[in-house]
Amino acid sequence: MEPNLKTVDTIQRNVSGAQASPSAQNESIQSNTVAQPVIPPSAIVYCEGNFAKIDGKTANGLVRHSEAYRILSVIDSVHGGQDSGLVLDDAMNHIPVFKDLNAALVHEALVPDTLIYGMAPSTGRLSPADRSVVLDAITLGMNIVSGLHEYLSDDPEIAVAASQRDVTIRDIRKPKPSKDMRLFDGSVADVKALRIAVLGTDCAIGKRTTATVLARALNAKGIKTVLVGTGQTGLMQGAKYGVAMDAVPPQFCCGELEGAIVAASDGERPDVILIEGQGALSHPAFCTSAFILRGSQPDAVILQHAPKRAHRCDFPNMPMPTPSSEIALIEAFADTKVIGVTLNHEGMSEDEITDTIAAESQELGLPVTDALSRPAARLLAMVVAAYPGLRQEVPVDAI
């Protein structure tokens, strides 16, 4: 018997079966029957020792927003017994944190559908303790979702266990064969939608969160917007279009992203396409920002910055760049313009956020806001100020 292992296609189109996200599979089933509400599969997010930290960014993102999975709880013994929203954003969301898998299961009437590995360690690999939790979940009949560079579907022990329990393994970062990958051909220039990339001065700095908040705000105003994911968390959250950029050979990175953007344009006919950023253009350890700028050819860029972060994430001897230096680099590297700056307020008091917004706006001559601590309307205004011709209507379903 062949193991029942499912991997995700790097470019999400209207597909079903092994390459589709869980929500896409549900939609395929519903299309042949009487229309019923699509209920995403339930999931527990494993984030031992890292929830609300930088390496727990996948769990952090899923707790804040998830369309593909119904998040029931988080596993992290450090915060066991607490509300994940209070831990992460000081606002209750009623998604509890438990000390271990057993404690999380006791809380549920049925075994959840999925265990999501919610960490993004710099090693990109599974620890022995984490492996034990994954195998326990498989034994219970739970599907596994992982964004690690180490593909769990290729692990002999995990693959055999999954086969025996007839569960699926979804390796978000596992790319399709290179023979099926796409080279850049320039077709992104024919996309009519306004393209805005949300870049940053470091990795794990909030680019995806800002892009998600902005997409929601634009759509609420009737400005049809699609967010193209470029990392494992965005794809886990349910991005319909995207590619895990750091898992694609460099030769195909620009073409794969271009293909996702063209697919989003053809499939949705949006007014705006937002492109999630990765790393930082100035960061010597990452090249993804360069591929994003080349592959998406953005009309504009929004820059995310953490004023209190003294050094690059995981690089204590590498000082953070200033927003002005990153803006100069971006605008020299690509035919685009930075239209605003957004803050990651880690380590900042309310007064510091207010003072920094004012100071940076005056210094840079650009609008500055914080996507989480300030009203989303300010983020929306940043885009509309740069592009006043954007159509703004009240959505039909809001009337």
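These values consider heavy atoms only, across backbone and side chains, with no hydrogens, waters or symmetry-generated copies.
- The pair E150-R173 does not meet the salt-bridge criterion, since no charged nitrogen lies less than 4.0 angstrom from a carboxylate oxygen.
- Using modelled atom types, no side-chain atom of E67 and backbone atom of Q237 make a donor-acceptor pair closer than 3.5 Å.
- Between the side chain of Q278 and the main chain of S289, no donor-acceptor pair closer than 3.5 Å is present.
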Query raised in the report: Would T212 and H65 satisfy side-chain hydrogen bond (donor to acceptor under 3.5 Å, both in side chains), going step by step from the backbone distance to the final call?
Result: CA-CA 8 Å; T212 300; H65 172 78; 5.3 Å; no
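- In this structure a side-chain-to-backbone donor-acceptor pair under 3.5 Å is missing from D351 to S349.
- M245 is not connected to F286 by any chain of hydrophobic side-chain contacts under 4.5 Å among Ile, Leu, Val, Met, Phe, Trp and Tyr, and they are in different clusters.
- Interatomic distance, L257 CG to S296 OG, rounded to the nearest 0.5 Å: 5.5 Å.
- P316 places a side-chain heavy atom less than 4.5 Å from the side chain of H311.
- Considering V301, L303, L329, I292 in turn, L329 is the only one that fulfils the side chain to side chain contact (heavy atoms under 4.5 Å, CB included) rule with L281.
- When the shell of 6.0 Å around CG of D266 is examined, it contains more than 12 heavy atoms from other residues, nucleotides or ligands.
- Counting only heavy atoms from C-beta outward, the side chains of L372 and N344 never approach each other to under 4.5 Å.
- Cluster annotation: V384 is connected to L274 through the hydrophobic network of ILVMFWY side chains, with a link wherever side-chain heavy atoms come within less than 4.5 Å.
- Checked against salt bridge (charged side-chain N to carboxylate O under 4.0 Å, His left out), K53 has no partners two or more places apart in sequence or in another chain.
- The salt bridge (charged side-chain N to carboxylate O under 4.0 Å, His left out) check on D55 picks up nothing, with sequence neighbours excluded.
- Atom OG of S324 sits about 6.5 Å away from atom CG of L364, to the nearest 0.5 Å.
- With T201 contributing its side chain and P323 its backbone, the two residues share no donor-acceptor pair below 3.5 Å.
- Just one of P41, P112, S42 meets the side chain to side chain contact (heavy atoms under 4.5 Å, CB included) condition when paired with Y69; it is P41.
- Remark: F315 pairs with H283 by the ring pair (Phe, Tyr, Trp, His ring centres under 6.0 Å) rule, at least two apart or across chains.
- Here the CG atom belonging to N102 is positioned 9.0 Å from the CD1 atom belonging to I75, to the nearest 0.5 angstrom.
- Atoms CG and CZ, on L235 and R170 in that order, are 7.0 Å from each other to the nearest 0.5 Å.
- Partner of I327 under the side chain to side chain contact (heavy atoms under 4.5 Å, CB included) criterion, chosen from V338, L199, T322: V338.
- A donor-acceptor pair is defined here as one N or O able to donate and one able to accept, closer than 3.5 Å; no such pair exists between the side chain of K99 and the backbone of A104.
- Formation of a donor-acceptor pair under 3.5 Å by the D171 side chain with backbone atoms of K174 is not found in this model.
- Here the rule is side chain to side chain contact (heavy atoms under 4.5 Å, CB included) with V368, and of E360, Q362, H305 only E360 fits it.
- The residues E258 and R294 are annotated as not salt-bridged, no charged nitrogen and carboxylate oxygen being separated by less than 4.0 angstrom.
- Put simply, the side chain of Y117 does not reach to within 4.5 Å of the side chain of V145, judged on heavy atoms.
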Query raised in the report: Step by step, would you call K192 with D271 a salt bridge (charged side-chain N to carboxylate O under 4.0 Å, His left out)?
Result: CA-CA 8 Å; K192 303 301 182 185; D271 302 305; over 6 Å; no
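- T356 places a side-chain N or O within donor-acceptor distance of the main-chain N or O of E352, the cut-off being under 3.5 Å.
- Between D370 and R378, no side-chain nitrogen of the basic residue sits less than 4.0 Å from a carboxylate oxygen of the acidic one, so the salt-bridge criterion is not met.
- Side-chain N or O atoms of S66 include none that pairs as donor or acceptor with a backbone N or O of L62 at under 3.5 Å.
- In this structure a side-chain-to-backbone donor-acceptor pair under 3.5 Å is missing from D180 to K176.
- Between F98 and H107, the ring planes lie tilted relative to each other; the angle falls in the 30° to 60° range.
- Look at R309 and E346 and you find a salt bridge, because one of the NZ, NE, NH1 or NH2 atoms lies within 4.0 Å of a carboxylate O, short of that distance.
- The closest side-chain donor-acceptor pair between T233 and T58 falls under 3.5 angstrom.
- Under the 4.5 Å side-chain criterion, counting only non-hydrogen atoms from C-beta, L148 is not in contact with Q232.
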Report task. List the steps and the verdict of salt bridge (charged side-chain N to carboxylate O under 4.0 Å, His left out) for R374 and E350. Result -> CA-CA 10 Å; R374 295 296 181 267; E350 180 64 26; 2.9 Å; yes
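- With hydrogens and angles disregarded, a donor-acceptor distance shorter than 3.5 Å links the side chain of R165 to the backbone of T139.
- Atom CD1 of I357 is separated from atom NE2 of H345 by 10.5 Å, given to the nearest 0.5 angstrom.
- For residues 310-332, there are no salt bridge (charged side-chain N to carboxylate O under 4.0 Å, His left out) pairs, not counting sequence neighbours.
- Hydrophobic cluster membership of L86, counting Ile, Leu, Val, Met, Phe, Trp and Tyr whose side-chain heavy atoms lie under 4.5 Å apart directly or via other members: M92.
- Looking at residues two or more places apart in sequence or on another chain, you find no salt bridge (charged side-chain N to carboxylate O under 4.0 Å, His left out) involving D299.
- Residues F252 and L183 meet the side-chain proximity criterion, which asks for heavy atoms closer than 4.5 Å.
- By the 4.5 Å heavy-atom criterion applied to side chains, N143 and L115 are not counted as neighbours.
- Looking at L214 and I302, their side chains come closer than 4.5 Å, going by heavy atoms from C-beta outward.
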